[in-house]
Every structure is written in structure tokens, then in C-alpha cells.
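Single-structure report; data block below.
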There are 2 protein chains.
Amino acid sequence: MTDSAAAPPSVGFGDAGTPDDLLAFKQAFRRHAAGVAVVTALDPDGAPVGFTATSLASLAAVPPLATFNMAKSASSWRAVSETEHVVIHMMGRRNRALADIMSGDAAHRFDGDHWTLGPHGLPVLRDVTAWMEGRIIERVPVHNNAVVVVQIEAGALGPIDAPLLYHERLYHSPGEAL
Amino acid sequence: MTDSAAAPPSVGFGDAGTPDDLLAFKQAFRRHAAGVAVVTALDPDGAPVGFTATSLASLAAVPPLATFNMAKSASSWRAVSETEHVVIHMMGRRNRALADIMSGDAAHRFDGDHWTLGPHGLPVLRDVTAWMEGRIIERVPVHNNAVVVVQIEAGALGPIDAPLLYHERLYHSPGEAL
């Protein structure tokens, strides 16, 4: 992988993930911006868990389906692997501090009144731009990760706001339309 | 789904996809911004195909894995369903016209000199911020759609640029960091 015009010859990314290959893959993905979502669930003991996700994508509108990716090493994986339902939240510009909470110390993500109880007793974050409760219909294991497919069952829109983006390890909102 | 503060009670999205439910799901996803990628492949006749994707996400870095979603009704699905390799391109602000070409009339997406031949004879778009050739390791069918999992094998970085975003049916780049 060379930092020149995008044309062959190219340098391979190895399966072994050498430091250079790993860096190249990470650099390529750093050139991609992503919207910020938060996924919440209940763990097997009934305690709320949640995490920020930059992999949220729509899969279909009829029926309403969404996907997100996660590492099985993530603190919330046990909950997501065993529960039937999750809540997906769309984060707006005003939710930047909430995104920090939900990507901070896992033991303290639900300390405070920034959430309430939603369908199935699930934690629903307050004041987000939209939330959608859904049923997990597939968990596709790939190495030490999983693609999670959710069929949306319920939801609500909050006050509108610019969307929260993550790019180059910083939060942004979109600039003017091109 | 009500356009009020994000708290229960909520209105369900039905499997049947009533016009109101469908609109609510679409409105929720419109509040999410996404980076713009282009996926290219060769169809069974060896002709180049490609499409813009706003669902591209990293799944893992070791090994380097990425996912994207597509409808089986998409013009490029036959190629993606039968081929072993694809190229994923990260689109920058300067590639906005290229994004228009790759989401325009499928019969004319490769008319011109905006692409070249890459690994395995695959079409590689010129002047993107990064491209990655990969092997399809999973195609997960979900209703009339598929989640495609790709293991990255090669790639190159192009000149750096602000990333291209899609939000509310318009292209953007990120504004200042929050």
C-alpha cells in the first residue's frame, strides 16, 4: 500500500496482519467517515449495557432491517450474544457528551438520568434524534467478531439535529451540502 | 413513532411495512449520516460492475475485514453473488462527480477513463482516497438482501482528502471537529 495515486501496483495486506499491513488498513478506514449510533441491551442479569457503534447500516426498509458489527471481545458482547432485543439510537450533534459516556468506562455508562426504560425493559437514551427497538434475527460469527442483523419493531423520533459523525478519531457534523 | 422527545410510549414498525411505519424507519435512518464508498466487481461475462454503498463498515483489523449490505434486486447483485473478489473504494470530497457516475445509469458507469485495471483484472477507480481489493468470505442472505463480508488482500492510498458523506439525500463533507 503506497501513499500515491490510486492505481496498481499495490502492496498486499497479509492475513497475518503485519504492523505495516495493519496500519494501511486502518489508514484506509480512517479516510471513511461514519455516523455514530449507540446500541443498548440488557445483560443476562438484567443490567443495562451499551456501546457506541460506527458500523450501523440500513439493510432493508421492508421489512425494516439494520446491521452493526462488533468484536466478541467487547464488554457488551455477552449481552448481545444472549439477548433477543436491542435498542439502536441515532446520535445528533447535541448528543456528543452522551457518545462520550457510552464509549467511556463500561461500569459507569448508565450512571445518571440520561436514559429511561423502553420496550421490553430496555434502556432507551433520552434526547437522541431517533431510536429503534429491534429483535436480533442473525448473529454472523466471523473470526473473533460478529455481524448482528436486527429487525426493527418499534421506535420514536426525537427533536431533529445535525447527525454526529466520527472521522479521524474526532466527532464532527456535516458541513454544507456539496 | 412520534416526532417528540425520544421516550416511550412508542409506535411500532410493522413487518408489513405500512406506509407510516416505512416512513418512520426511513426518517430515523435519514438522521444518520454515512460515508460513501464504491464497490466494483466483474460480472460472470467479465464486464465491470459497480455501485455506491453507504453501508461500508470495518468488521476487524486482524484479519482485515469489512462488510457492506445490498439488495438482491440491485443491478450489481448477480456479479457480487457469483464472483470471488471485489474492490472497495473510499470516496473523498473531490470524488463527488465519480459518486454520481457510480450511482447513475448502470449501463454507463464505466464509460470513460475514470478507472483502470487492478488485481485479478478488477476495475479500480482512479484518484480515490483509498481502495482495497478483497475476497468475499460470506454472503449472508436476509429476506431479499445480503450482508457481504470481505477479507482485504491488497490496496493503496490515494492523495488525502476530506471524506465524502451522504445525509438527507445530499453529499457533504465533515465540518469542524466538535
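Naming: A, B, ... by sequence-line order, numbering from 1 per chain.
- The contact between A:Ala177 and chain B is made by backbone and side chain atoms together, counting heavy-atom distances below 4.5 Å.
- Looking at heavy atoms from C-beta onward, A:Val140 lies out of side-chain contact with B:Val147 at the 4.5 angstrom threshold.
- Here the closest heavy-atom approach between residue A:His143 and residue B:Gln151 is recorded as NE2-OE1, 3.9 Å.
- Nearest heavy atom pair, residue A:Gly175 against residue B:His172, reads O-ND1, 2.8 Å.
- For a residue to count as touching a neighbouring chain, one of its non-hydrogen atoms must lie under 4.5 Å from one of that chain's; by this rule A:Ala146 touches chain B with the backbone only.
- At a 4.5 Å heavy-atom cutoff, the contact between A:Leu165 and chain B is made by side-chain atoms alone.
- For the set A:Pro163, A:Gly134, A:Ala57, the entry with the most heavy-atom pairs within less than 4.5 Å of chain B is A:Pro163.
- Hydrophobic clustering places B:Ile101 together with B:Val87 (ILVMFWY residues linked when any side-chain heavy atoms are closer than 4.5 Å, directly or through intermediates).
- The local environment of CZ in B:Arg94 is crowded, with over 12 non-hydrogen atoms from other residues, nucleotides or ligands closer than 6.0 Å.
- Residues B:Val80 and B:Val142 are members of separate hydrophobic clusters, defined by side-chain heavy-atom contacts under 4.5 angstrom among Ile, Leu, Val, Met, Phe, Trp and Tyr.
- Note on B:Leu125: it clusters hydrophobically with B:Tyr166, by side-chain heavy-atom contacts below 4.5 Å among ILVMFWY residues.
- Here A:Thr129 contributes atom OG1 and B:Arg30 contributes atom CZ; the two are 13.0 Å apart, rounded to the nearest 0.5 Å.
- Taken together through direct or relayed side-chain contacts under 4.5 Å among Ile, Leu, Val, Met, Phe, Trp and Tyr, B:Ile137 and B:Trp77 form parts of separate hydrophobic clusters.
- Within a 6.0 Å sphere centred on CG of B:Asn144, other residues, nucleotides and ligands contribute 12 heavy atoms or fewer.
- With a threshold of 4.5 angstrom between heavy atoms, B:Glu138 approaches chain A through side-chain atoms but not through N, CA, C or O.
- Nearest approach of A:His32 to B:Gly35, heavy atoms of both residues: CE1-C, 3.5 Å.
- Heavy atoms only, all atoms of each residue included: A:Gly158 and B:Arg31 are closest at O-NH1, 2.5 Å.
- Contacts of B:Arg139 classified as side chain to side chain donor-acceptor pair (under 3.5 Å), with partners at least two apart in sequence or in another chain: none.
- Per-residue heavy-atom pair counts under 4.5 Å with chain B were compared for A:Thr54, A:Leu56, A:Leu164, and the maximum is reached by A:Leu56.
- Neither the backbone nor the side chain of B:Ala71 comes within contact range of chain A; no heavy atom of the residue lies under 4.5 Å from a heavy atom of that chain.
- For the pair B:Leu178 and A:Ser173, the tightest heavy-atom approach, listed with the atom from each and the gap, is CD1-OG, 4.1 Å.
- For chain A, the nearby part of B:Leu170 is the side chain; its heavy atoms alone come within less than 4.5 Å.
- Here the closest heavy-atom approach between residue B:Phe25 and residue A:Leu65 is recorded as CZ-O, 3.6 Å.
- For A:Ile88, no part lies near chain B; criterion is any non-hydrogen pair under 4.5 Å.
- Rounded to the nearest 0.5 angstrom, B:Phe68 CZ and A:Thr67 OG1 are separated by 12.0 Å.
- Criterion: ILVMFWY side-chain heavy atoms under 4.5 Å apart, direct or through other members. Under it, A:Met70 and B:Val149 are not part of a common hydrophobic cluster.
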